[in-house]
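First up is the structure itself, then whatever we jot down about it.
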Amino acid sequence: MAYWLFKSEPETWGWDDQVAKGDAGEEWNGVRNYQARNNMRAMAIGDRGFFYHSNKTREIVGVVEVIALSHPDSTTDDPRWDCVDIKAVHPVVTPVSLDQIKAHPELSEMVLVKSSRLSVQPVREHEWNIICALAGIDV
DNA sequence: GCCAACGTTGGC
DNA sequence: GCCAACGTTGGC
């Protein structure tokens, strides 16, 4: 299983919105960036991801699961863009902030730190484990 | 609200 | 195929 990180502005689409969709989940649509799209194309059903709030709070707030493989993005007719569906699995006990991640020596190589603008990004397994520990949740 | 970083677009 | 212009993102 692979691990990912999904970034969103909570004003646009936040963790609460994701939770409200329940097990039906929702398209992670609106991505117009090739790298982010390619990451979604590489996802498998059952892959896990962190849900990150950008801008104001800047922290990981929950865990999501991929429930549909990459398919056309319903918000555009442009065939270049597609997206996966994800559902909320559970919230974190303690949100993990960007500051914490930057300060942690073993997390300093994270894509979140290195390439802060990429909205869908891979997370290495040991990074996943460290953050789960910080967040107070089981892997 | 500012601005740096970066991706995309389009003219040549 | 290059590169300048432009738009967007996201941290501060």
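Residue numbers start from 1 in every chain, and the chains themselves are labelled A, B, ... in the order their sequence lines are given, proteins ahead of strands.
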Can you check side-chain hydrogen bond (donor to acceptor under 3.5 Å, both in side chains) on A:Ser97 and A:Asp99, steps first, answer last? CA-CA 5 Å; A:Ser97 71; A:Asp99 289 344; 5.1 Å; no
Exercise: identify the closest heavy-atom pair between [X] and [Y]:
X: A:Gly30; Y: A:Thr75; result: N-OG1, 3.9 Å
X: A:Glu109; Y: A:Arg124; result: O-NH1, 3.2 Å
X: A:Trp128; Y: A:Trp4; result: CZ3-O, 3.9 Å
X: A:Trp15; Y: A:Val63; result: CH2-O, 3.4 Å

Whichever of A:Lys114 and A:Arg80 has the more 5' nearest nucleotide on DNA chain B, that residue is A:Lys114
How is A:Lys56 classified with respect to the nucleic acid when contacts are heavy atoms under 4.0 Å: base, sugar-phosphate, or nothing?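 It contacts nothing in the nucleic acid.
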Between C:dG11 (P) and A:Asp99 (CG): distance, integer Å: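 Value for this atom pair: 10 Å.
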Is there side-chain contact between A:Leu118 and A:Asn33, with heavy atoms separated by less than 4.5 Å? yes
Run the side-chain hydrogen bond (donor to acceptor under 3.5 Å, both in side chains) test on A:Ser115 and A:Gln121 for me, step by step, so that the C-alpha distance in whole Å, both residues' side-chain angles and the decisive distance to 0.1 Å come before the verdict. CA-CA 9 Å; A:Ser115 182; A:Gln121 47 183 266; over 6 Å; no
For nucleotides 4-10 of chain C, just jot down a letter per nucleotide in 5' to 3' order: B, S or -, based on protein non-hydrogen atoms under 4.0 Å. ---BBBB
Per the end-axis method with five pairs at each terminus, what is the bend angle of the helix from B:dG1-C:dC12 to B:dC12-C:dG1, to 10°?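 Taking the rotation axis at each end, their angle is 10°.
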How long is the span from the CG atom in A:Leu134 to the CD atom in A:Gln100, to the nearest 0.5 Å? 5.5 Å
